Amino acid sequence: MAEHDHEHGHQGYQKGSLSLWGAVSLGTGVMIGAGIFALTGQVAQLAREWFVLAFVCGGIIAGFSAYSYVKLAKAYPSAGGIAMFLSKAYGKGSVTAIFALLMYFSMVINESLVARTFASYTSQLISFEAQWLVPLLAVGLLVFAFFINILSNQFIQTFSFFMAFVKALGLVILAAGGLWASGIQFESISAIPEEATGGGILAGIALSILAYKGFTTITNSGGEIVEPKKNVGRAIIISLIICALIYVLVTLAVGSSLSIDEIVKAKDYALAEAARPVYGETGLWVTVAFAIVATVSGVIASAFAVSRMLAMLTNMKLVPHSHFGMPGSIQKHTLVYTIVMAMVLAAFFDLNRIASLGAIFYIVMDIAIHWGVLRHLRQKVNANIYILVSAIALDVIVLAAFIWVKWTSDPLVIWASLIGMALIAAGEILFLRKKR
């Protein structure tokens, strides 16, 4: 325990500064911000009439995945979360660094995805169109998230809890109203997928997993949560349940208001478009307002967690670090790096490719976590072998289907993923060899 304290003592962490519900609000903040607003249209494009089922299946797979994280968080709660979990399984070497960086970059990609989603929804309220508008709004949100994140944990917790409550309640009200107005008829949802292929459905499930992966951000704040051995796992489970219920309700409401083609056409702002037939222009404004709340809190919560994981890797001397003349703790520096990289992605890449890249990076890392527990830590954390094998199998199936669909439709995403992983691996190996 003394070693643990030493590792984190100079990074600016505030032990016991996050409550159970503060952690839940951070987790739901990332999930709802990235999930339902950013991904509804993109999942519908792949899974077609089964897009609601894709979100349900994504939640089930996330539940299997959460098992490993809950077990690890109970045994090794820390402010580094996944970085610490990987080091316990694989040691403090290149394997840990490579897979932890895959998670880090998937979260940076997630931040840029949510920032672009914020910009897409906000632009619906602006009367003129310009190519520079969406990137500018996305970058502006990331700058705002940076300034919020340099404030105290107490402020971030209160801010995230309030925003999470507002957006969850708002989405439930909008979805319930949409279902009531439509007479509970789901024209774009079918028990028999007339247009969807098996590969498309599995690819949609893979993309929907991104809507739930925000629960992992809770583990990156483990060293700051009150009674972490108990509350990190609780926060993960509560967050997943809340988000799964909201996702199902909202996707049913969207499916009752729009056809599949209409959802796909408006995929970057599908929820706003779904509000038009039911609520008119007022509904559009209200939906956009809730989207802004959700995406703002999502970016803030994501930056809060992922900067801590990079700080952990830095403190473990697994990644290079430079102050660049900046004052403050390592965690503040990693926050700057995180926001700057997210700004570059948000400014130059579209939502579809950003989401696809993030899904591949995350699922690969997730498989590494489960394998690490299965191979090295199963007895130490008292994990069930059948659940671990099931989690790995589900990840492999949906990842393979997603890669196949993207290879046939947008091979650039696959090449970018392979090149990105190769650069991460090569950079880490060279850095660690030079350090020796």
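No hydrogens, no waters, no symmetry mates; every other heavy atom, side chains included, goes into these values. These figures come from a predicted structure and were not determined experimentally.
Residues satisfying the side chain to side chain contact (heavy atoms under 4.5 Å, CB included) criterion with I397, sequence neighbours excluded, are L202. Among residues two or more places apart in sequence or in another chain, the side chain to side chain contact (heavy atoms under 4.5 Å, CB included) test is passed with K317 by K435. A search for side chain to side chain contact (heavy atoms under 4.5 Å, CB included) contacts involving A66 returns F215, I236, L240, not counting sequence neighbours. Legend: residues meeting side chain to side chain donor-acceptor pair (under 3.5 Å) with K74, ordered by chain and number and at least two apart, are absent. Qualifying side chain to side chain contact (heavy atoms under 4.5 Å, CB included) partners for F147, counting only residues two or more places apart in sequence or in other chains: V143, I150.
Within the 4.5 Å cutoff, the side chain of M343 has no heavy atoms near those of the S112 side chain. Between D261 and R48 the shortest side-chain heavy-atom distance falls below 4.5 Å. Counting only heavy atoms from C-beta outward, the side chains of N110 and K213 approach each other to under 4.5 Å.
Other residues, nucleotides and ligands place no more than 12 heavy atoms under 6.0 Å from the CZ atom of F64.
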Atom pairs and distances, donor-acceptor, side-chain atoms in residues 100-108, under 3.5 Å, two or more places apart:
residue, atom, partner, partner atom, Å
Y104, OH, T338, OG1, 2.8
S106, OG, M103, O, 2.8

Side chains of residues 361-371: which donor-acceptor partners sit under 3.5 Å, not counting sequence neighbours?
residue, atom, partner, partner atom, Å
D366, OD1, Y69, OH, 2.6
D366, OD2, S65, OG, 2.7
D366, OD2, H370, NE2, 3.0
H370, ND1, S68, OG, 2.8
H370, NE2, S65, OG, 3.4

Less than 3.5 Å apart, which donor and acceptor atoms pair up between the side chains of residues 404-428 and the rest of the protein, not counting sequence neighbours?
residue, atom, partner, partner atom, Å
K406, NZ, S356, OG, 3.4
T408, OG1, W404, O, 3.3
T408, OG1, V405, O, 2.8
S409, OG, V405, O, 2.8
D410, OD1, R353, NH2, 3.0
D410, OD2, R353, NE, 3.0
S417, OG, V413, O, 2.9

I'd like a table of donor-acceptor pairs (distance under 3.5 Å, sequence neighbours excluded) in which one partner is a side-chain atom from residues 372-392, with atom names and distances.
residue, atom, partner, partner atom, Å
N384, OD1, Y386, N, 2.8
N384, OD1, I387, N, 3.3
S390, OG, Y386, O, 2.8

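Using a distance-only test at 3.5 Å, with no hydrogens or angles considered, no donor-acceptor pair links the side chain of T334 to the main chain of L310. A side-chain donor-acceptor contact under 3.5 Å links T251 to the backbone of V248.
Interatomic distance, CD1 of I205 versus SG of C57, reported as 4.0 Å (0.5 Å rounding). Between S208 atom OG and Q42 atom CD the span is 12.0 Å, to the nearest 0.5 Å.
Aromatic pair Y247/Y212: centroids less than 6.0 angstrom apart.
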